[in-house]
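For reference, the structure discussed in these notes is given below.
Throughout, protein chains are lettered first and strands after them, A, B, ... in sequence-line order, and every chain is numbered starting at 1.
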2 protein chains.
Amino acid sequence: MPGSDSARKLTPREFKRKKILRAAIEVFARDGYFSARMTDVAKAADVADGTLYLYFDGKEHLLLSVFDDALERFIDQLKQEMERLDDPLAKLKVMVRLHLEALGRDRALAHVLQIETRHSRKFMRLLSRGKLGEYLSLLNDIVKEGQDLGSFRRDVNTGLATNVIFGAVDELVNRWLLADEPGDLTQYQGPLLKMLFQGIVPCEFHEGAAG
Amino acid sequence: MPGSDSARKLTPREFKRKKILRAAIEVFARDGYFSARMTDVAKAADVADGTLYLYFDGKEHLLLSVFDDALERFIDQLKQEMERLDDPLAKLKVMVRLHLEALGRDRALAHVLQIETRHSRKFMRLLSRGKLGEYLSLLNDIVKEGQDLGSFRRDVNTGLATNVIFGAVDELVNRWLLADEPGDLTQYQGPLLKMLFQGIVPCEFHEGAAG
DNA sequence: TCCAGATGAATGAACGCTCATTCATAGTTT
DNA sequence: AAACTATGAATGAGCGTTCATTCATCTGGA
């Protein structure tokens with residue numbers, strides 16, 4: 001099944017494509033998407049201005065490609081790692097870990113994914129209907145499975161729980177991006193999961209707390 | 001103390017300022033911040049192009065003003081409503097309710113606050129250091145107070161809990177904004193709080209879940 | 001009451017600059 | 001010698017901002 005093996009040799013064309021994508025990440029992260037000039041992306045990729053348009057349909061399509069390319073790799077990895085797991089709780093842990101690891105290791109990419117790709121409603125909808133939707137759907141499946149098996153509460157709406165989990169992780173990454181002295185992003189994995197699993201109110205007070 | 005009473009009569013200048021701010025919200029929400037033209041904001045405010053610059057220092061400052069103005073009103077209301085409350089749990093409920101109500105009632109404003117103001121790292125830092133920081137600090141205080149009083153778990157980092165709560169609410173609003181048929185935003189208030197308070201894992205499984 | 005002069009808020013046409021994109025040309029491979 | 005790929009200078013539309021000018025309102029002297 002050639003094409004699905006991510007470790008195979010790249011064709012020259014694929015190689016240059018990747019090189020441009022990487023350059024775009026660096027430049028978009030450094031200057032911001034709107035301030036960034038295509039000329040600078042070309043320069044960073046060591047390629048002529050016009051060449052960009054032989055690989056991408058324009059600036060916006062380049063940004064979209066950065067996003068989808070990154071998420072595709074991430075989703076593949078996620079699926080692969082989850083194959084060996086049955087426990088939804090363990091799956092959720094892995095998902096959060098991979099999410100934090102992937103972004104924690106590449107700050108420029110994180111910046112582009114978290115901030116630059118969210119510049120308009122129109123663009124965000126585009127993302128939601130693409131790879132991001134696939135990712136959220138994966139998360140939703142885990143939550144649903146956990147509820148079916150009884151390891152997650154059944155009395156919270158599945159979609160809402162998905163939303164809370166994603167929102168929490170997403171905001172954590174945002175704060176890490178905005179921090180003046182960002183530490184290791186993955187250090188929060190444990191505490192974050194603890195809070196998501198157990199909530200903020202001790203069990204003995206649960207009756208009066210909600211509602 | 002004239003000037004702090006939000007219900008007093010507006011001077012002509014204040015009135016026109018508000019009119020421009022409202023127009024900016026509508027136009028930024030409709031076209032997106034970057035696509036929006038100052039000319040169109042002026043048109044929507046029923047004012048000449050140049051007039052905008054008698055009230056604001058430029059396009060970016062106008063966007064910032066929209067944000068700060070909205071948050072200032074929100075924070076004032078929040079402080080006022082919280083004065084009568086002692087219980088941190090109740091305070092948190094009020095905070096989430098007001099947050100969802102304020103945005104749920106004004107979709108254009110929500111759009112601008114959630115999406116258009118987050119177009120760059122630089123701008124987001126500006127927000128964080130201003131009114132948004134004040135808001136987060138308020139939330140952080142509530143969490144801390146709850147932990148001191150024992151109504152919130154002490155074994156979760158205060159800042160992280162603040163982050164999770166804000167992230168969850170924020171993402172909920174985002175999904176509402178992106179939805180094709182958005183319902184009433186406030187309907188999620190109860191379930192959201194329940195999940196934040198109690199977590200996703202039933203109490204009896206807490207031992208093995210975290211970590 | 002009337003008017004001359006002063007004030008500054010408001011106007012909107014025009015400016016000037018910034019890029020995303022194009023395409024005629026050049027190079028490279030088969 | 002075709003076919004494919006790359007180049008980068010030139011283009012021109014788009015738009016934030018400016019500023020010379022207008023005009024409604026106010027002031028105070030007669």
* Positive for side-chain contact (heavy atoms from CB on, under 4.5 Å) with B:Ser65, one of B:Ile20, B:Leu21, B:Asp57 -> B:Leu21

* Asked: What's the closest nucleotide to the A:Asp49 side chain, out of C:dA10, C:dT21, D:dA6?
  -> C:dT21

* **Salt bridge present between B:Glu14 and B:Arg17 (N-O < 4.0 angstrom)** => no

* Asked: Where the side chain of B:Leu54 is concerned, which of D:dA6, C:dT11, D:dG16 is the nearest nucleotide?
  -> C:dT11

* Structure fact -> In whole angstroms, the gap separating C1' of C:dT18 from CZ of A:Phe34 amounts to 15 Å

* How many Å lie between OH on A:Tyr33 and P on C:dT18, as a whole number? -> 19 Å

* For the side chain of B:Val47, starting at C-beta, report the closest nucleotide among C:dT11, D:dA6, D:dT18. => C:dT11

* To do: Would you please confirm or rule out a distance under 4.0 Å between OP1 or OP2 of C:dA10 and any side-chain N or O of B:Lys16?
  => yes

* Look at all strands and tell whether B:Tyr55 reaches a base, only sugar-phosphate, or nothing, counting heavy atoms closer than 4.0 Å. => sugar-phosphate

* Within this structure, what is the CG-to-P distance between A:Asp57 and C:dA20, rounded to whole angstrom? -> 16 Å

* To do: Inspect the contact between A:Asp87 and A:Lys91 and indicate whether a charged nitrogen and a carboxylate oxygen are less than 4.0 angstrom apart.
  => no

* Structure fact -> Ranking D:dT7, D:dT18, C:dA20 by distance to the side chain of A:Arg37, first place goes to C:dA20

* Asked: Is the number of heavy atoms from other residues, nucleotides or ligands within 6.0 Å of NZ (B:Lys19) greater than 12?
  -> yes

* Starting from C1' on C:dA20, measure out to CG on A:Asp40 and report it in whole angstrom. => 13 Å

* Asked: To the nearest angstrom, how far is B:Asp31 atom CG from D:dG14 atom C1'?
  -> 14 Å

* Quick one: which of C:dA10, D:dA6, C:dT21 gets closest to the side chain of A:Met38? -> C:dT21

* Ionic contact status for B:Asp76 with B:Lys131, cut-off 4.0 Å -> no

* Length of the CZ-P vector between A:Arg13 and C:dT28, whole Å -> 19 Å

* **Nearest listed nucleotide, side chain of A:Ala48, among C:dT11, D:dT18, D:dT7** => D:dT7

* B:Tyr53 OH - C:dA9 P separation (whole Å) -> 18 Å

* **Candidates D:dG16, D:dA6, C:dG12 - which lies nearest the side chain of B:Lys59** => D:dG16

* Structure fact -> Taken to the nearest whole Å, CG/A:Leu52 to P/C:dC19 is 15 Å

